[in-house]
Amino acid sequence: MRFDIFSVFPAYLNALKLSLVGKASAGGAIDIAVHDLRDWTEDRHRTVDDTPVGGGAGMVMRADIWGKALDTAFDIDLGRENPRRVLAIPTPAGSPLTQEICIDLARNCDQLVIACGRYEGIDGRVATHYASRAEIEVFEFSLGDYVLNGGEVAALALVEAVARLVPGVIGNPESLVEESHGSAGLLEYPTYTRPLDWRGESVPQILTSGDHGRVGRWRRDEALRRTALRRPDMIAALDAHQLDRRDRATLGQHGWYWRAQPAAGEHPIRPVLEIADDPRLACVYAELAARTFPDACPPSLADADVRAFIAQHLSDEAFAAHITSPRRVIVGLRDEECRLIAYSLSVIPEGNGAAGAEDGAPVDAVLSDGERIGPLIELSKFYLDQEWRGSGLGGMLMTGTLRALSAHTREWERPYIWLGTNAGNKRAQGLYSKLGFELVGRRQFMVGEQNNHDVVMARTLDVSY
Ligand code: 6GU
């Protein structure tokens with residue numbers, strides 16, 4: 001691969017004689033030529049710029065000088081039919097340079113010509129003229145959102161990023177596999193070497209364990225964590241199909257979730273928690289409640305009874321009443337399109353819980369270790385939209401619910417929360433026990449004419465699990 005770099009400060013590019021890129025060009029794996037733009041001037045002062053047409057600050061580099069210079073590079077015979085020639089123009093107004101672009105250039109480009117501008121940039125016709133020529137591609141690129149005095153540093157960056165990917169330049173291509181911005185779409189995990197103790201800091205113990213499986217997992221968790229903290233945009237761009245069960249736990253800690261059966265091309269999202277405090281939201285909650293309530297009913301329940309229950313207890317009006325009631329707390333989760341994907345509804349008993357709850361709810365209960373607990377808040381509804389089950393979102397909804405409730409129980413000595421769920425619904429019971437609930441008793445629950453058997457589960461209201 002051939003690089004031709006044009007600059008009014010050719011000495012700036014002497015760095016390309018050093019290190020890996022220097023060796024690669026000395027060894028013939030790549031071919032780098034640096035040219036002084038002023039060699040194409042004809043006046044005594046070797047002038048390359050002029051004032052901007054239309055006025056404004058600074059100077060603009062002349063198209064005629066650039067044209068003569070760049071033509072000489074594009075006239076070079078590269079010794080093959082239809083070579084791929086790219087004109088790269090560094091500018092803070094360019095599109096971001098990415099690893100993906102560098103990989104493509106390293107693999108598929110025969111000649112990379114880099115036009116380093118100075119001052120206020122290069123006359124705009126240079127880019128449009130070369131872009132109009134069928135045998136040349138133009139790539140105006142930027143290193144990031146800051147301004148450099150000229151394109152030379154960007155040219156150095158581009159050559160180094162591309163050259164190291166040219167086959168044969170790096171001795172051990174393995175080292176390209178796991179690096180940041182590689183195929184995993186994550187930043188690289190941190191690396192360490194001896195001494196194992198340095199200024200009171202030791203190398204993470206797991207790395208000296210010799211357990212490759214655990215080391216591999218630790219490194220992936222670190223890569224995920226770093227990326228979540230430093231580059232949330234990269235997490236948002238991940239393909240959910242490339243993420244595993246452990247990734248769920250790690251990214252869940254940073255607020256990222258994806259569905260258990262992601263669609264093609266689905267990305268993780270950061271659901272947003274809300275406390276429903278405006279009765280105008282009632283219809284949104286009623287819709288999700290009506291849609292999810294049947295999932296918790298045993299198959300023996302008559303459809304008509306389920307529909308009647310929904311009409312009576314989960315209507316817009318019912319939710320408007322819940323939302324405005326001081327004894328109800330409704331918490332929702334919304335996806336990035338603001339769709340409601342999960343909600344909970346809690347019932348706070350009268351009189352700081354001392355007087356007992358409605359609907360035959362237990363005032364207090366006995367835990368498995370014999371401890372009596374109470375007073376109790378009822379977690380009356382806790383539903384995830386079907387496709388979000390198994391995503392870990394239940395943990396987020398539970399934490400949000402407990403936090404919202406704790407604002408109501410500051411005066412309580414030992415606040416507990418209970419729920420009843422159908423005795424046959426093992427999936428729900430499994431979820432609740434993962435979320436810190438334990439079995440404390442049983443109860444009957446009427447839907448229509450039918451008496452349903454529920455288990456009652458409870459947990460403390462502190463959020464320290
Ligand atoms: Cl490519 N050129 C200049 N002049 N400034 C920049 C840049 C490029 N990328 C970021 N800032």
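Bear in mind that the values here come from a model prediction, so they are computed numbers and not experimental data.
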Measuring from atom [atom1] of [X] to atom [atom2] of [Y], what distance do you get when rounded to the nearest 0.5 angstrom?
X      : Y      : atom1 : atom2 : value
Asn452 : Arg443 : CG    : CZ    : 9.5 Å
Gln386 : Asp295 : CD    : CG    : 6.0 Å
Leu281 : Leu340 : CG    : CG    : 9.0 Å
Arg164 : Cys102 : CZ    : SG    : 9.5 Å
Asp316 : Cys283 : CG    : SG    : 5.5 Å
Leu333 : Leu273 : CG    : CG    : 5.5 Å

Report the C-alpha distance between Leu397 and Leu393 in whole Å, list the side-chain angles of each, state the deciding distance to 0.1 Å, and finish with yes or no for side-chain contact (heavy atoms from CB on, under 4.5 Å). CA-CA 6 Å; Leu397 182 61; Leu393 208 59; 5.9 Å; no
Does [atom1] belonging to [X] count more than 12 external heavy atoms closer than 6.0 Å?
X      : atom1 : answer
Gln205 : CD    : no
Asp145 : CG    : no
Asn149 : CG    : no
Arg291 : CZ    : yes
Arg107 : CZ    : no
Gln261 : CD    : no
Gln444 : CD    : yes

Check [X] against [Y] and note the closest heavy-atom contact, atom names and distance.
X      : Y      : result
Gly255 : Tyr257 : O-CD1, 3.5 Å
Leu379 : Leu419 : O-CB, 3.6 Å
Glu160 : Val21  : CA-CG2, 4.1 Å
Ala228 : Leu251 : CB-CD2, 4.3 Å
Val203 : Leu207 : CG1-CD1, 4.0 Å
Asp462 : Leu402 : O-CD1, 4.2 Å

Close side-chain approach of [X] and [Y], heavy atoms under 4.5 Å:
X      : Y      : answer
Thr208 : Leu196 : yes
Arg442 : His453 : no
Leu461 : Trp412 : no

What pairs of donor and acceptor atoms, side-chain ones from residues 209-227 against any protein atom, are under 3.5 angstrom apart with sequence neighbours left out?
residue: Ser209; atom: OG; partner: Ile206; partner atom: O; Å: 2.7
residue: Ser209; atom: OG; partner: Asp211; partner atom: N; Å: 3.1
residue: Asp211; atom: OD1; partner: Gly213; partner atom: N; Å: 3.2
residue: Asp211; atom: OD1; partner: Arg214; partner atom: N; Å: 3.1
residue: Arg217; atom: NE; partner: Asp221; partner atom: OD1; Å: 3.3
residue: Arg217; atom: NH1; partner: Asp244; partner atom: OD1; Å: 3.3
residue: Arg217; atom: NH1; partner: Asp244; partner atom: OD2; Å: 3.1
residue: Arg217; atom: NH1; partner: Asp247; partner atom: OD1; Å: 3.4
residue: Arg217; atom: NH2; partner: Asp221; partner atom: OD1; Å: 2.7
residue: Arg217; atom: NH2; partner: Asp247; partner atom: OD1; Å: 2.6
residue: Arg220; atom: NE; partner: Asp247; partner atom: OD1; Å: 3.0
residue: Arg220; atom: NE; partner: Asp247; partner atom: OD2; Å: 3.1
residue: Arg220; atom: NH2; partner: Gln242; partner atom: O; Å: 3.4
residue: Arg220; atom: NH2; partner: Asp247; partner atom: OD2; Å: 2.9
residue: Asp221; atom: OD1; partner: Thr250; partner atom: OG1; Å: 2.8
residue: Asp221; atom: OD2; partner: Arg246; partner atom: NH2; Å: 2.9
residue: Glu222; atom: OE1; partner: Arg225; partner atom: NH2; Å: 3.3
residue: Glu222; atom: OE2; partner: Arg225; partner atom: NE; Å: 3.4
residue: Arg226; atom: NH1; partner: Glu188; partner atom: O; Å: 2.5
residue: Thr227; atom: OG1; partner: Leu187; partner atom: N; Å: 3.0
residue: Thr227; atom: OG1; partner: Ala223; partner atom: O; Å: 2.5

So Phe309 and His313, would you call those rings parallel, tilted or perpendicular, with 30° and 60° as cut-offs?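 Phe309 and His313: tilted rings.
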Using 30° and 60° as the class boundaries, would you call the ring planes of Tyr343 and Tyr285 parallel, tilted or perpendicular?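 Correct class here is perpendicular.
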Does one side chain, of Ser300 or Gln450, offer a donor that lies under 3.5 Å from an acceptor on the other?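 The answer is yes; a qualifying pair exists.
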Worked check of side-chain contact (heavy atoms from CB on, under 4.5 Å) between Phe141 and Leu158: CA-CA 9 Å; Phe141 75 96; Leu158 178 63; 3.7 Å; yes
Between Ser391 and Arg259, does the side-chain contact (heavy atoms from CB on, under 4.5 Å) criterion hold? Intermediate values first, please. CA-CA 5 Å; Ser391 67; Arg259 295 181 297 177; 5.6 Å; no
Stepwise side-chain contact (heavy atoms from CB on, under 4.5 Å) check, Tyr383 with Ile341: CA-CA 9 Å; Tyr383 283 96; Ile341 53 176; over 6 Å; no
